[in-house]
Amino acid sequence: MREIADAKDLLDWYDRHARVLPWRVSPQDRARGVRPDPYRVWLSEIMLQQTTVAAVKSYYESFTSRWTTVSDLAAARDEDVMAAWAGLGYYARARNLLKCARAVASEHGGQFPADHAALLGLPGIGPYTAAAVAAIAFDLPETVVDGNVERVMARVHNDDTPLPRAKPVFTDYARALTPRDRPGDYAQAVMDLGATICTPRKPACGLCPWRKGCAAWLAGTAAELPKKAPKQRKPTRLGIAYLVRRVDGAWLLERRPDSGLLGGMLGWPGSDWSESPAEAPPIRAEWKALNGEARHTFTHFHLRLTVKTALVPMERQPQRGAFVAAEDFDPGALPTVMRKAFDLAQGK
DNA sequence: AAGACGTGGCC
DNA sequence: TGGCCAAGTCT
């Protein structure tokens with residue numbers, strides 16, 4: 001009786017089916033000695049946290065063409081990086097991206113450390129990303145455990161222990177399968193398997209290189225795994241956004257505090273977001289409430305944003321925020337919820 | 001150590 | 001429409 005799954009079978013599959021991704025060195029090139037750029041591996045891994053490949057691609061291209069090395073990025077202005085990240089979400093990633101780049105530049109001579117523990121000590125790098133960079137960039141035998149790997153392990157072992165409680169056990173399963181040979185390709189192979197074959201719904205078991213050794217395939221339970229703890233339902237909150245235009249075309253914007261929701265991002269001044277938000281106009285003006293509302297769903301609540309607009313004279317001073325000249329204003333620098341409010345005001 | 005933290009695509 | 005899900009981390 002063979003082991004339940006075997007790294008070799010997966011690597012053979014990966015050699016034939018590896019996805020082509022902008023940040024990836026193909027297994028063929030890797031075999032010829034091509035090494036991935038640790039900066040690009042790290043950048044892609046941060047962007048891919050809880051984010052789809054499709055959403056990441058254009059951001060990855062723009063970051064790597066604008067900031068070629070980690071030292072370039074370390075020298076960037078905070079506001080430029082936050083603006084470039086706008087729309088990708090989880091903005092703490094962008095703040096930590098800069099902190100990490102600056103730590104690598106100042107404490108590691110501009111080179112990412114080829115060491116799991118040292119990587120783990122850097123801002124924004126947790127257990128998954130430390131293992132991913134160590135394995136993919138440096139071909140060290142570290143075990144990556146992301147959502148894909150959890151799903152694959154739950155199925156291979158037909159383990160119905162609910163997540164997140166099952167995480168330590170699934171990690172043990174994954175570690176036991178990690179090979180000493182080609183750990184970087186293997187890490188990418190398991191995640192590719194989870195992303196393309198061993199998918200959450202309708203897994204393509206007929207195409208799976210691990211089918212023969214998969215306990216869930218044998219039991220017919222693959223599609224029901226992994227089990228997960230029930231989610232809490234999202235409450236709905238209300239809010240008011242104030243879109244102020246000065247007669248010269250300038251917009252009144254406000255930089256949000258570094259911590260908390262949309263931390264460090266540019267946005268419209270507004271009320272609190274709650275069951276009954278209090279009016280909080282940022283400037284004395286005659287307000288016009290727009291018809292409709294900007295709707296947006298965050299991780300843990302739904303938001304219905306009322307948008308109020310006003311036109312103010314040159315000399316009027318705001319109590320909050322600062323005017324940004326029309327030619328300096330880029331709606332693309334706003335987080336999506338703020339851009340939705342802008343679109344509503346533009347009649348889009 | 002649960003909860004905070006974005007967004008877009010899919011069904 | 002609304003819930004689920006996506007290469008998690010931080011507090």
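As the structure is a prediction and not an experimental result, all values here were calculated from the model. In the text below, chain A, chain B and the rest are named by the order of the sequence lines, each starting its count at 1.
Here A:Y90 pairs with nothing under the side chain to side chain donor-acceptor pair (under 3.5 Å) rule; sequence neighbours left out. Take A:H157 and apply the ring pair (Phe, Tyr, Trp, His ring centres under 6.0 Å) test, not counting sequence neighbours, and it matches A:Y173. Contacts of A:D139 classified as salt bridge (Lys or Arg N to Asp or Glu O under 4.0 Å), with partners at least two apart in sequence or in another chain: A:R30. Under the rule for a side chain to side chain contact (heavy atoms under 4.5 Å, CB included), A:A75 has no partner lying at least two apart in sequence or in another chain. Every salt bridge (Lys or Arg N to Asp or Glu O under 4.0 Å) that A:E279 has, sequence neighbours left out, goes to A:K308. Annotation: ring pair (Phe, Tyr, Trp, His ring centres under 6.0 Å) contacts of A:H302 (sequence neighbours excluded): none. With sequence neighbours excluded, the residues forming a side chain to side chain contact (heavy atoms under 4.5 Å, CB included) with A:P127 are A:L120, listed by chain and number.
For residues 104-150 of chain A, the ring pair (Phe, Tyr, Trp, His ring centres under 6.0 Å) pairs, not counting sequence neighbours, are A:W42-A:F112. Annotation: ring pair (Phe, Tyr, Trp, His ring centres under 6.0 Å) contacts involving residues 240-260 of chain A, sequence neighbours excluded, comprise A:Y242-A:W287, A:W251-A:W268, A:W251-A:F329, A:W251-A:F342.
When the P atom of C:dT1 is taken as reference, atom NE2 of A:H296 falls 15 Å away, rounded to whole Å. For the pair A:F298 CZ and B:dG8 P, the computed distance is 11 Å after rounding to whole Å.
Rounded to whole Å, the P atom of B:dA1 lies 25 Å from the corresponding atom of C:dA6.
Interface residues of residues 336-344 of chain A facing DNA chain C, ordered by number: none; criterion, heavy-atom separation under 4.0 Å. If you check residues 254-271 of chain A against DNA chain C, you find no residue with a heavy atom closer than 4.0 Å.
A single hydrophobic cluster is not seen to contain both A:L225 and A:V156; linkage of ILVMFWY side chains at heavy-atom distances under 4.5 Å, directly or through other members, places them apart.
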Treat primed atoms plus P, OP1 and OP2 as sugar-phosphate and everything else as base, then score nucleotides 4-11 of chain C 5' to 3': B for base contact with protein heavy atoms under 4.0 Å, S for sugar-phosphate contact only, - for none.
-> SSBBBSS-
